[in-house]
Amino acid sequence: MQLPLDSDDDDDDDVVDIQPKLQQKEEVKADNKVVKKKKKKKKDKLSKSESHTTSIRHDENMEDMEEEDDDNDDNLNSMNDNNDSDIEIEPEVEELLSTLTPLQILLLDSKQPNKESDNEENDDEEAVMPDTNANGTIIDPKHIIGDITTELRARILLSSLLSPSGVTVNEFYQQYWGKRPLLAALDDIHENDDDDEQPKKMSAEAQVEAANHTSRLDGFLNRTIIDEMIRKNKLRYGLDLNVTRYTDSMGNGLRHRITLDPPPKKKKRRSKNSSGGSSNDDEEEDELEYIVANPNDVWANVDTSQCTVRLLRPHEHNDNIHTMLSILESEFGCMVGSNAYLTPLHSQGFAPHYDDVDVFILQLEGYKRWRVYAPFNKRETLPRESSRDYTENEAEENMGGEEMDVVLGPGDVLYLPRGWIHQAETVARPASVPKMDGVKDDHSLHLTVSAMQNWCWADFLEMLMPEALESAATSDKSTSLREGLPRNFLNYMGTMHQLDDDDGGSLPEGLKQASAALKSGEDGDQVDEDALVELKAQQRIRAQQQHFKDEAKKRIMRVCKQAMSMLDDACDQIGKRFLSDRLPPALLEPERELTKEAFANNAANYHDAAKKIWPNTLCRLARPGIARLVIEESQAVLYHCNDNSRVYHGTPLSPMEFEIDDAPAIEQLLTTVEPHWIMVKDLIHGDIEDKMEIAQALYDEGILATVLTESPDRSVQTG
């Protein structure tokens, strides 16, 4: 996974210093696109290959590294909190724009107004009410949202999801992100109240607010959309959906999760052998054939057997969900995924458990009671793997210091950090919650948005440290790590050779007396000779052990120093992984209309000059963070996620290879993001033809946005 590329507000014409980037050692499945230019003086490119295997490059000039105490969690958390405040938004602006629904922020609401129709009245009673500024001028957030950058839009989208909590995004990152749950609901009416409590009387204004809240997440999923998704796309058990239930199927009073998915069938598939022999030499391989779900059977299990339907990757077939996740990837800087869960009334689909991802639970329909427990211990806080299914007794007996028991209703959002144990059951509308027109309560439907999977410091160091060790071990500046281990060190190192502390607290009495005599300088004749010999042997072993530890520490520090010199390379490596893992960018209409896709879909409305790059063409990356430049084997290699599949790793990366002297110009194009532009003729390169061809290659790949504000400069022609 990869953090979004940083944008630089400084002059884009500054000279770019290209340093050797990371060479990823693990295999990256890719079809390399070699970008060829007409100039004959250029060196030939590498041929297209099915895989691109590279090794790390390193800086031999290792500087001394001061030892720091990195065990202070408070300081580390404070550092992370400061880094998360990179986007500055006026509180009034954030509050105003966060009143919009997610679909309005994503420009997907069919009732989104046009700027030209500012004076037209909106008859929608549940529309967001305009605000006024200090001068009394009416400000409609729906007229502003179309003009903000993607980075700001992503921040506002998160703010909108959290807005019912009254917590700003910066407060969320500082106080909740990775630390503790957050409930975003209108007020306390969704707490698990007593059944005999009467509905609260609401004013007319409160009723409008409640109606807006319960409908704010409309447009993503409902039962009808799910049914159409199953029928149209032939979803398969085990791959695309699960049918499950949490029940006492054994009759022993203990509930556990059962899955009703039909198992996949095994079938033989013929494949060519490695030598490419005839059909008689073909090898047979087992292949799993997953069963296509019959929608009628699925709903029969839901309605009759009280089962839960879990949709895996609903964003694969739902553009609205895909667009939301794509924008949130820009906010979090990591892979974002989703599942959806439809559970009938008075039913539960899953046992208590914790996940290895941070989740945002978006309650779309119905009511669901969530019981949440703090991590059992420090070791299970922020886990890197999901837990097994717990019994309810385990969850209650071993729960941590905090517990949350809430009922989510439509429009509510619950954030849970990874490691927090949870279980959920569909319940009837709480008696304290007024009946709302159009709000279904015969089932619960929620969308789980997940983030931060395999995205912690340990994952980063797993990439960095092996490469640092290899680089330090093969150094031509020092042979320290290649020197042989001390002779017979196994005779004094290891668990079986561990000695007691020097104070002799648990030594035999004879050795205690010998130790005391040696320390006090008494005459050795008064000390047991055998005890004295044994004590001296222990002292010798202790000295050998200390020498071994000192030598090991020197070499460990050398590897750590080497790792510090390779941080940028490791960031490139994890960045390439992010580009491989993440979703393809779901460009919004203002972004898409500036790319090749708009011309391809509506060529009749574009002048032919629009499909070519000219010296005076303005360019920028279509969306921040969707591409990354690294240097591999003396080539500039550009990785991007534009061709990714909505299925995890469904399509291999397809990097573009350029010559090394193209790197400064490419780096300028990738780091120029909205609202900035750079003109092709201002790119750093020796001649204008190469500048145009580089920009044309990125434009043809679909990752470059362009604008031509004047007649094309035809003084230079390419292609």
Visitor: Any heavy-atom pair between the side chains of C641 and L583 that's under 4.5 Å?
Guide: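 A side-chain contact under 4.5 Å is absent here.
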Visitor: Go through the structure and list residues passing side-chain contact (heavy atoms from CB on, under 4.5 Å) with L382, not counting sequence neighbours.
Guide: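 Result, side-chain contact (heavy atoms from CB on, under 4.5 Å) vs L382: R418.
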Visitor: For E425, is there an ion pair with R369 - N to carboxylate O distance below 4.0 angstrom?
Guide: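 No, R369 and E425 are not salt-bridged.
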Visitor: Do Y373 and Y390 make the cut of ring centroids closer than 6.0 angstrom?
Guide: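 No: the rings miss the under 6.0 Å criterion.
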Visitor: Just jot down the salt bridge (charged side-chain N to carboxylate O under 4.0 Å, His left out) partners of R255, sequence neighbours excluded, or say none.
Guide: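 Result, salt bridge (charged side-chain N to carboxylate O under 4.0 Å, His left out) vs R255: E392.
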Visitor: Holding to side chain to side chain donor-acceptor pair (under 3.5 Å), I want the full list of residues that pass it with S386, two or more places apart in sequence or in another chain.
Guide: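 Listed in chain order: D356.
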Visitor: Run the salt-bridge test on R388 and E394 with the 4.0 Å N-O cut-off and return the result as yes or no.
Guide: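 Result for this pair is yes, salt bridge flagged.
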Visitor: Taking only residues two or more places apart in sequence or in another chain, which ones pass salt bridge (charged side-chain N to carboxylate O under 4.0 Å, His left out) with E365?
Guide: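 Partners of E365 under the salt bridge (charged side-chain N to carboxylate O under 4.0 Å, His left out) test: none.
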Visitor: Would you call P352 and Y246 a side-chain contact if the rule is heavy atoms closer than 4.5 Å?
Guide: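 Contact flag for P352/Y246 side chains = yes.
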Visitor: Please determine if K576 and E632 form a salt bridge, counting it only when a charged side-chain N lies under 4.0 Å from a carboxylate O.
Guide: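 Answer for the salt bridge query: yes.
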Visitor: Kindly write out the residues that satisfy side-chain contact (heavy atoms from CB on, under 4.5 Å) with P466, not counting sequence neighbours, or none if the list is empty.
Guide: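 So P466 forms no side-chain contact (heavy atoms from CB on, under 4.5 Å) with any residue.
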Visitor: Quick one: are the ring centres of W370 and H446 less than 6.0 Å apart?
Guide: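 Between W370 and H446, the centre distance is under 6.0 Å.
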Visitor: Only counting residues at least two apart or in another chain, list the ones meeting side chain to side chain donor-acceptor pair (under 3.5 Å) with R371.
Guide: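 With neighbours one apart ignored, the set is empty.
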Visitor: Could you pull out all donor-acceptor pairs under 3.5 Å where a side-chain atom in residues 332-343 meets a protein atom, sequence neighbours excluded?
Guide:
unit_1 : atom_1 : unit_2 : atom_2 : d
S338   : OG     : H315   : ND1    : 2.7
T343   : OG1    : T308   : OG1    : 2.9
T343   : OG1    : K368   : NZ     : 3.2

Visitor: With sequence neighbours excluded, what pairs up with T168 under the side-chain contact (heavy atoms from CB on, under 4.5 Å) test?
Guide: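 So T168 forms a side-chain contact (heavy atoms from CB on, under 4.5 Å) with E94, N170, E171.
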Visitor: Who passes side-chain contact (heavy atoms from CB on, under 4.5 Å) against I258, sequence neighbours left out?
Guide: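 Per chain and number, I258 pairs via side-chain contact (heavy atoms from CB on, under 4.5 Å) with R245, T247, S249, H256, L260.
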Visitor: In chain order, what residues pass the side chain to side chain donor-acceptor pair (under 3.5 Å) check against Y415, with sequence neighbours excluded?
Guide: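 Y415 satisfies side chain to side chain donor-acceptor pair (under 3.5 Å) with D358 only.
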Visitor: Check salt bridge (charged side-chain N to carboxylate O under 4.0 Å, His left out) between K549 and all other residues, then give those that pass, not counting sequence neighbours.
Guide: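 Checked K549 against salt bridge (charged side-chain N to carboxylate O under 4.0 Å, His left out); zero matches.
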Visitor: Does the plane of the ring in F460 sit parallel, tilted or perpendicular to the ring in W457? Use 30° and 60° as the thresholds.
Guide: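 Judged by the thresholds at 30° and 60°, the geometry between F460 and W457 is perpendicular.
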Visitor: Under 4.0 Å between a Lys/Arg side-chain N and an Asp/Glu carboxylate O for E151 and R623?
Guide: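 Looking at E151 and R623, the cut-off is not met.
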Visitor: Between the side chains of D581 and R577, is the shortest nitrogen-to-carboxylate-oxygen separation below 4.0 Å, so that they form an ion pair?
Guide: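 The answer is yes: the pair qualifies as a salt bridge.
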Visitor: Using the test salt bridge (charged side-chain N to carboxylate O under 4.0 Å, His left out), find all partners of R646 that sit at least two apart in sequence or belong to another chain.
Guide: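 Only D319 meet the salt bridge (charged side-chain N to carboxylate O under 4.0 Å, His left out) criterion with R646.
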